[in-house]
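Working notes, structure below.
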Amino acid sequence: MADINDNPYLAHMHDSSSNGSSTGANKAFSQLVPGQTTAAQQEAVEDSSHNGLTGAAYSSRYKSILAKRRDLPVNKQRQGFLDLVHNNQFVVLVGETGSGKTTQIPQYMVYDLLPQVEGKMIACTQPRRVAAMSVAQRVSEEMDVKLGQEVGYSIRFEDCTSSKTVLKYCTDGMLLREAMSDNMLSRYSAIILDEAHERTLNTDILMSLMKTIALKRKDIKIVVMSATLDSEKFQKYFYDAPLLTVPGRTFPVEVYYTPEPERDYLEAAIKTALQIHATEPEGDILVFLTGEEEIEEACRLLSARGDELIRRANCGPLLIVPLYSTLPPNMQQRIFHKAPEPRTPGGAPGRKIVVSTNVAETSLTIDGIVYVIDPGFSKQKVYNPRVRVESLLVSPISRAAAQQRAGRAGRTRPGKCFRLYTEKSYNNDLIEQTYPEILRSNLGSIVLQLKKLGVNDLVHLDLMDPCAPEVLMRALELLHYLGALDDDANLTPIGHMISDFPIDPQLAKMIISAADYGCTNEVLSIAAMLSVPNVFLRPREAQRRADQAKAEFAHMDGDHLTLLNVYHAYKGCTQPDKWCWDNYLQYRSLKSADSIREQLRRVAAKCDIPLVSNNFSSPDYYPNIRRALTAGYFMQVAHLERGGQYLTIKDNQLVLLHPSSVLERKPEWVVYNEFVLTKRHYIRTVSEVRPEWLLEIAPHYYDLSSFPPCEGKRVLEKLALRNAVVGDKKPKKDRSEKKEKKRKSDKEKDKDKDKSDRKKRDKKDKKDKKHSSD
DNA sequence: GAGCACTGC
């Protein structure tokens, strides 16, 4: 291998390590019997002078918080909850906003199961990291312990727990990862799944997993908590589990509908907002729109027309604030600013208008909102398994989402919600619930995780909403081509490794293959850069300057190597935030790429993947990186046809290079990272590849007999023919090719073997699919 | 010659 000093991409590399351990004596809650406590007993322990977990005297703050906790709606049902938990393995709990379920229920479980005595922890999952962190912080205060000791949290990049931890808040993805190495979750005596109504991919998988675990572990308790009244579905799914309903603590919200459908919801939203400002009493406004562009447009119009209103109608001043996730953090902070003061003392009050995407629906809470304007749309992810493309579509929201939006008006006092659609439309056109994510996603990564979790029969996988068989087939097909699954759909050694990486399977395959080409260091950086939101900024007012800045990083072989250049330059600069600003780069994305790279590096090291680089001056330095790309993304290749347009391989989709690509010269063969479906079909993040690599690296996929006719096929055929003629003279073949060859010949042999029914069915499905995609 | 709802490991 090369001298590391030759390679500018490695200048940043350094090791890091962390360690921490501590022990402490616990005093048992001597009068309590695990799994048989009463509310009165629990309260007596809480009321005593000393903390049973730490042995220390309770602080005065503890006592004042305790009084407030006793006042929460959920506390009135403490005994009822304990009765249900004692007599059932599964309990479903529906609690609206303000019920206190997220903070209190896990504590009741601690007092009931006494994890400090029994040696098994209690986990409470959250869909989002911030929630896991902030709730753990709050609960550690309520229990009068130091965060990270008895009460902690565990999220990606941060494990804030210790050997003393008895209650752990974590993201559902984190618990799922843990289950991959401990299939029975044997460290836990209870799992509490919070926000289950959101039906995120990870929650759905966890729920299914909990059913399997519960069958084999009669000692584990499972509480599923949700905020909606859609409880019957949850009860039924969990073997007719009992239900506990806890009222919330919010203010009433009056809902208004438009008498006629609105033709232009953007215009209607702006009009409504200004009308509220002119006629309604003090209180801030929250407007829900679908995306960045729409929001910026609305803010421009609002501020122009607002100014006019202020001049002509003597209204109060306006503070107009856009809100979407890619907005820089300092701009996001503006949502917490106070509404402006009247222009003159005693004049018309000022008002804040927040124009937001869905972030304000669940992730972010803005205090002081009294009026909500809901046009009834949001951008939603949809997955089309036929073309294997996930895309974002503006779609009508569900009734549940509409209720959630309306609820945002009643957090501090009674509010009003203006729906820009008719009541009839609300009742007849909107669906009850948003389709769960699992029905709208590519499942490649999920199927692999399930395999790792020990789920072998995916067809009969017990999900709350079973996914479409075609989506499963697509996932199995992808994993099979990547070499992650064998012909019996069992995990291969490579599959085990891929599943250890918390990224798309193609990306993981790319990293693993990079070892064959001596360039794991570089490919790790590229994989990290591909795992974060777009790093290139292009503000409307500085597009040319932004493009020039980007051109400085451009690599002639394509966008992947351009990303490598950016990452390297980022690591080499002294003032990263300023440097990013000067170069029109998203600092947040680069920082996050850096953490992800470190995580991937650790996983790679754990898998014994050598961390290596080629000699930087070698002519093969860059081609080898692109070979590794090909090893992961050989299924996402496009060929330039004579008409000057690209056709994707096998699917024969007409696509264009995305205008953001640095590739101006249209190479004949390209791999792409992403298929973007908007007004046109684009391929984004694209690099040139050699056709002979395709045949070498993925001969099982580039089996030309199964190819639909196209120009690209003819090129490959000629190439294959030539290879066959000169084949014997070519002594050196790379390792991965040999491996693939062997796999393929095994596959041929396998065809003659006796097969199980399921396997036959799988094969048949595959064949059918091939026909349909022709 | 264009877009990027939102999470998460």
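Within every chain, numbering begins at 1; the chains are lettered A, B, ... in the order of the sequence lines, protein sequences first and strands thereafter. None of these values were measured; they are calculated from a predicted model.
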Subject >> A:M464 vs A:R199 side-chain heavy atoms within contact, under 4.5 Å >> reply: yes
Subject >> Atom-to-atom span, CG of A:D182 to P of B:dC9 - whole angstrom >> reply: 19 Å
Subject >> Which nucleotide in B:dC9, B:dC6, B:dA5 has an atom nearest any side-chain atom of A:E292 >> reply: B:dA5
Original post:
For A:Y682 and B:dA2, is the shortest distance between a side-chain N/O and OP1 or OP2 below 4.0 Å?
Top reply: yes
**OP:** Compare the minimum distances between each of B:dC4, B:dA2, B:dG3 and the side chain of A:Q543, then state the nucleotide with the smallest one.
**Re:** B:dG3
Original post:
Any donor and acceptor pair, going by atom type alone, linking the side chain of A:R419 with main-chain N or O of A:Y426 inside 3.5 Å?
Top reply: no
**OP:** May I ask you to evaluate whether A:R680 reaches the phosphate of B:dG1, defined as a side-chain N or O under 4.0 Å from OP1 or OP2?
**Re:** no
**OP:** When you get a sec, tell me which of B:dT7, B:dG3, B:dC9 is the closest nucleotide to the side chain of A:R538?
**Re:** B:dG3
Original post:
How long is the line joining CD of A:Q380 and C1' of B:dT7, in whole Å?
Top reply: 14 Å
Subject >> Distance, rounded to the nearest Å, where A:Y324 contributes OH and B:dC6 contributes P >> reply: 10 Å
Subject >> Residue closer to the 5' end of DNA chain B, A:L392 versus A:I503 (nearest nucleotide) >> reply: A:L392
Original post:
When you measure from the side chain of A:E437 to the backbone N and O of A:T200, does any donor-acceptor pair fall under 3.5 Å?
Top reply: no
Subject >> Closest listed nucleotide, where the reference is the side chain of A:N534 and the choices are B:dA2, B:dA5, B:dC4 >> reply: B:dC4
Original post:
Which part of the nucleic acid does A:T171 contact within heavy-atom distance under 4.0 Å: base, sugar-phosphate only, or nothing?
Top reply: sugar-phosphate
Subject >> Atom-pair distance (CZ on A:F536; P on B:dC4), nearest Å >> reply: 16 Å
**OP:** Pick base, sugar-phosphate or nothing for A:F501, based on heavy-atom distances below 4.0 Å to the nucleic acid.
**Re:** nothing
Subject >> d(CG, A:L656; C1', B:dA2) in whole Å >> reply: 11 Å
**OP:** Tell me which nucleotide among B:dA2, B:dC4, B:dA5 gets nearest to the side chain of A:N358.
**Re:** B:dA5
Original post:
So, is A:R156 close to the B:dT7 phosphate, meaning a side-chain N or O under 4.0 Å from OP1 or OP2?
Top reply: no
Original post:
Do you see a donor-acceptor pair shorter than 3.5 Å between the side chains of A:R597 and A:S525?
Top reply: yes
Subject >> Atom pair distance, as rounded to whole Å: CG in A:L289 and C1' in B:dC6 >> reply: 16 Å
**OP:** Give a yes/no answer on whether the side chain of A:R128 brings an N or O atom under 4.0 Å of OP1 or OP2 in B:dG8.
**Re:** no
**OP:** Under 4.0 Å between any heavy atoms, over every strand shown, what does A:S325 touch: base, sugar-phosphate, or nothing? Just pick one.
**Re:** sugar-phosphate
Subject >> A:N442 side chain to A:G444 backbone, donor-acceptor under 3.5 Å >> reply: yes
Original post:
Among the nucleotides B:dA2, B:dC4, B:dC9, which one has an atom lying closest to any side-chain atom of A:P502?
Top reply: B:dC9
Original post:
A:E297 CD to B:dC4 C1': how many Å, rounded?
Top reply: 17 Å
**OP:** Using a 4.0 Å heavy-atom cut-off across all strands, classify A:I155 as base, sugar-phosphate, or nothing.
**Re:** sugar-phosphate
Original post:
Any donor and acceptor pair, going by atom type alone, linking the side chain of A:R405 with main-chain N or O of A:P375 inside 3.5 Å?
Top reply: no
Original post:
Can you tell me how far P of B:dT7 sits from CG of A:L201, to the nearest Å?
Top reply: 16 Å
